Amino acid sequence: MKYEFTRIEKKWQRKWEEEKTFAAVPDEGKKKFYGLIEFPYPSGDGLHVGHPRPYTAMDIISRKRRMEGYNVLFPIGFDAFGLPTENYAIKNKVHPADVTKKNIARFTDQLKMLGYSFDWDRVVDTTDPAYYKWTQWIFLKLFEKGLAYKASMPVNWCTSCKCVLANEEVVSGVCERCGSDVVRREKSQWMLKITEYAERLLDDLDDLDFIERVKTQQRNWIGRSIGAEIIFDTTLGDKLRVFSTRPDTLFGATYMVVSPEHELVEKWLPQLSNADEVEEYRSAAAKKSDFERTELSKEKTGVELRGVRAINPATKQEIPVFISDYVLASYGTGAIMAVPGHDTRDWEFAKKFGLPIVEVVSGGDVEKEAYTDCDTGILVNSGFLNGMSVEEAIKAMSQWLTENGLGRETVNYKLRDWVFSRQRYWGEPIPIVICPTCGYVPLPEDQLPLELPYVEYYETTDTGESPLAAMTDWVETTCPTCGGPAKRETDIMPQWAGSSWYFLRYADPHNDTELASRKALEYWMPVDWYNGGMEHTTLHLLYSRFWHKFLYDIGVVQTKEPYLKRTSHGMILGEDGQKMSKSRGNVINPNDVVAEFGADTLRLYIMFIGDFEKTAPWSANAVKGCKRFLDRIWNLAEKRVSGSEEYSAANEVVIHRSIKKVSEDIENMKFNTAIAQLMTLVNAYYETAPSRGDIKVLLTLLSPFAPHIAEELWEIQGFGGMACKTPWPEYDEAKMVEQQREIAVQVGGKLRTTVFIPNDAADDVMLQAALADEKIKKIVEGKEIVRTITVKNKLINLIVR
RNA sequence: GCCGGUGUGUCGGAAUUGGUAGACGACCGCGACUCAAAAUCGCGUGCUGUAAUGGCGUGUGGGUUCGAUUCCCACCACCGGCACCA
């Protein structure tokens, strides 16, 4: 009989669905495992071959865990709010809700086609009011605790999406999603105070089992700098505060720089003799995009504020104050003390404007370049700091500043608050009412969910207003506090809102009184293993850690961190080694692969393609190799093999080795070598007559990778039950060794031949065996063996003279 | 510029407490089966050489070692992240 993969796959998928084979049922008596993959955005293009890579990986791990006796939660859902759906809906004049419904149905079919062991009773959909009710509820809690606030500030505005973006969504000056230019716009926005959690988000990374590059990227993004805030007096009476990581260099501060947006500039302006020039520089800076302003190659520019001078608290000298756009308004205090001798940027600026450069740390030549080494320099020209190392001087200066009320040690983060509103339609409405007398009033909990109005017209505007603003009936409301006429907030939440807590909902997806019951959360949380893309490291992954910590603080969840372990997969490229894209015409559709070779072949190939963490190009030929492998297994087991369920003597060694290798490789996500080992095992079976037991262990090991064919052959063999419910096999180290060992024989470190010796042979046995070899005899003839190096069961090396 | 990663046959990739480089798969070649082809099964396959105790070979150049893809030093190339963050 032929291997009819289509029939077999349909048959088992139906069976798993009918029997609810993979439903997660809480069971206090069983150890739990919560495996998570990033739920997909149900785009109109359907499933991409990139999707099955992480899904298959976690499916293999989840299936193995079940066979090991764990109670497994492996859920799936849809992150369905977002721009592409909205844009598609506008273009094709259909409602986003209808588009979403259709896309979800299609994704569901495709995911089922691949035989994943998801619990289909726990599907979540972020656009379902029963779900986003709780997204809104979390927002209200954030508002209640002062962590959601509205503020007017310059924000990133995507010229194409026509809405604001978070800092995390701006990549190299363009929109992360559409690649269009991002400009600065002053807008009143809802913000979430993620900065309040900066320290914990950073420190708590230490204990997590996240791959190192994820930790590094989050650490860099949060960007902690330890330094001091220093207060300078000015001749106009105002105090000018700066942040510096090098307070030790205070004696070398020969001028100050404030950002063009600094509030004191506005105040000082009338008293400046060159107010026009300053004003001109400020407006020029305001027009520039962030990208232009931060271009590195650019020469430093700036204008001195004539009419005000600052007083260096260490030297008591009056020093000039400049404005320059190399100082950012949004970091630290928006002002710096410039130490040209020991900071590269200040040095460039000082050279250009002819400002004095004073050496306060010896070790370099400050006339040639800034000396920034902190490890070897010694303080000079610095009063009480003279002779100290940089490290000592930082401490001494911080103490001196504190004692004299001139400043204090402080910490700064690069992380900014999260811009949380979007001027679009297809997202969660923000449950806030704007009342002329009461201000921003939260919607009472019993009015949740605040449903998105179902309307015909929701096109974007260029005015910076949300399409919801035009929906008068919905906007006009009454104030929950005073009962007077009021308006609803018309901005919606960003794409990232729904995904910031979805993993909690999986624990108890149908609960309508809580986001999830305490009992369910206590049982299933935290997520034991979360695999997802590197592109989410400073977006979804960071945001969801923030929300989780907040929910921990208000007692909703019991763990400080949502995910114990985080791994990441590489991208699948087209056959040409380029990123898959419609325009390049190198896109592989999983449906086509499944139709031609079957889901088991696709699963196997996508795991065999290469190192899981690295990008890998698609190869149509290699897919055929995986199909061939399954055909070979089919040939071995399509007819019932009778006899004992013991391993055959001929295959015992390779079986035990395979169990060990496959078990360990799955844990380390080395799926490619696990499959290579299964191929080796099958090759061995082709050279012997595999016993019934040999077949059984092969199907058991195969079942997480290629579950359909494994079940079918399992049934044909009549092993009873299902392969996916069989206990994972154990191996015996003692049975992994051959009685005869082939060892390398080297002379002078060069491999000359190999000989067979008994297992664990003593050194002299190895030597005798080596010397008995004809080749070796010839080589050592007439020479003296001065030294012998042996490595048990591996090699012998003869040093001759 | 800074941080991180990678570099191995024709290709995807194996192998690192230093110990037979190239597992497994693809490609290609040969053989069996077949009237024939496909499929399948088996064999071969780093480069080079007529041969040899051949020679060379894991980005490049050095070093340590009986022995280096693995450790050390210097460099090159590519990829990713950050990028005037004081």
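Proteins come first, then strands; the chains are lettered A, B, ... in the order of their sequence lines, and each starts at number 1. These numbers were taken from a predicted model, which means no experiment stands behind them.
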Roughly, in whole Å, what's the span from [atom1] in [X] to [atom2] in [N]?
| X | N | atom1 | atom2 | result |
| --- | --- | --- | --- | --- |
| A/Asp611 | B/A23 | CG | P | 18 Å |
| A/His569 | B/G80 | NE2 | P | 16 Å |
| A/Gln677 | B/A23 | CD | C1' | 9 Å |
| A/Glu575 | B/C27 | CD | C1' | 13 Å |
| A/Leu795 | B/A21 | CG | C1' | 14 Å |
| A/Met607 | B/G13 | CE | P | 14 Å |
| A/Met534 | B/C82 | CE | C1' | 13 Å |
| A/Lys750 | B/C56 | NZ | P | 5 Å |

Scan [X] against the nucleic acid and name what it touches under 4.0 Å (heavy atoms): base, sugar-phosphate only, or nothing.
| X | result |
| --- | --- |
| A/Thr680 | sugar-phosphate |
| A/Lys414 | base |
| A/Gly748 | sugar-phosphate |
| A/Ser330 | nothing |

Could you run down the sub-3.5 Å N/O contacts of the protein with nucleotides 40-42 of chain B?
residue : atom : partner  : partner atom : Å
B/C41   : OP1  : A/Arg632 : NH1          : 2.9

Determine the interatomic distance between C1' on B/U60 and the same-named atom on B/C78; round to the nearest Å.
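Comparing C1' positions in B/U60 and B/C78 gives a spacing of 15 Å.
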Any chance CD of A/Glu263 has more than 12 other-residue heavy atoms, nucleotides or ligands included, within less than 6.0 Å?
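Counting neighbours around CD of A/Glu263, 12 or fewer heavy atoms of other residues, nucleotides or ligands fall under 6.0 Å, so no.
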Take a 6.0 Å sphere around CD of A/Glu596 and say whether it holds more than 12 heavy atoms from other residues, nucleotides or ligands.
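Not more than 12 within 6.0 Å, no.
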When the nearest nucleotide of RNA chain B is assigned to A/Ile789 and to A/Asp346 on a heavy-atom basis, which residue is associated with the more 5' position?
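It is A/Ile789 whose nearest nucleotide is closer to the 5' end.
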Does A/Thr538 or A/Ile799 map to a spot on RNA chain B nearer the 5' end, using the closest nucleotide for each?
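Checking each residue's closest nucleotide, the 5'-ward one belongs to A/Ile799.
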Would you check if the side chain of [X] reaches a backbone N or O of [Y] as a donor-acceptor pair within less than 3.5 Å?
| X | Y | value |
| --- | --- | --- |
| A/Asn531 | A/Ala57 | no |
| A/Asn586 | A/Ser581 | yes |
| A/Asn668 | A/Lys670 | no |
| A/Lys777 | A/Leu771 | no |

Which nucleotide sits closest to the side chain of [X]: [options]?
| X | options | value |
| --- | --- | --- |
| A/Ile779 | B/A23, B/C82, B/U53 | B/U53 |
| A/Thr673 | B/A23, B/U53, B/G19 | B/A23 |
| A/Asn797 | B/U20, B/G19, B/C56 | B/G19 |
| A/Gln217 | B/A86, B/G81, B/G12 | B/G81 |
| A/Phe608 | B/C84, B/C24, B/U20 | B/C24 |

For RNA chain B, just give me the dot-bracket, please: Watson-Crick or G-U, both distances below 3.5 Å, ( ) intra-strand, [ ] crossing earlier pairs, | paired with another strand, . unpaired.
(((((((..(((......[....))).(((((.......))))).(((.....)))..(((((..]....))))))))))))....
Can you tell me if [X] touches the phosphate of [N], counting only side-chain N or O atoms and a distance under 4.0 Å to OP1 or OP2?
| X | N | result |
| --- | --- | --- |
| A/Lys778 | B/A52 | no |
| A/Arg787 | B/C66 | yes |
| A/Lys670 | B/A15 | yes |
| A/Asn621 | B/C27 | yes |
| A/Ser225 | B/A86 | yes |

Lys NZ or Arg CZ of A/Lys300 over A/Tyr326 ring: under 6.0 Å, within 45°:
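A/Lys300 over A/Tyr326 ring: yes.
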Flag the pair A/Tyr255 / A/Phe322 as yes when their ring centroid distance falls below 6.0 Å, and as no otherwise.
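Between A/Phe322 and A/Tyr255, which both carry aromatic rings, the centre distance is below 6.0 Å.
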To check you understand the geometry: which heavy-atom pair defines the closest contact between A/Ser244 and A/Met337, and what is its length?
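Closest pair (atom of A/Ser244, atom of A/Met337, distance): OG-CE, 3.7 Å.
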Can you label the angle between the A/Phe612 ring and the A/Phe671 ring as parallel, tilted or perpendicular, going by 30° and 60°?
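Plane angle over 60°, so perpendicular.
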Hey, could you give me the CG/CD1 distance between A/Asp665 and A/Ile60, rounded to the nearest 0.5 Å?
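Output value for this atom pair is 11.5 Å.
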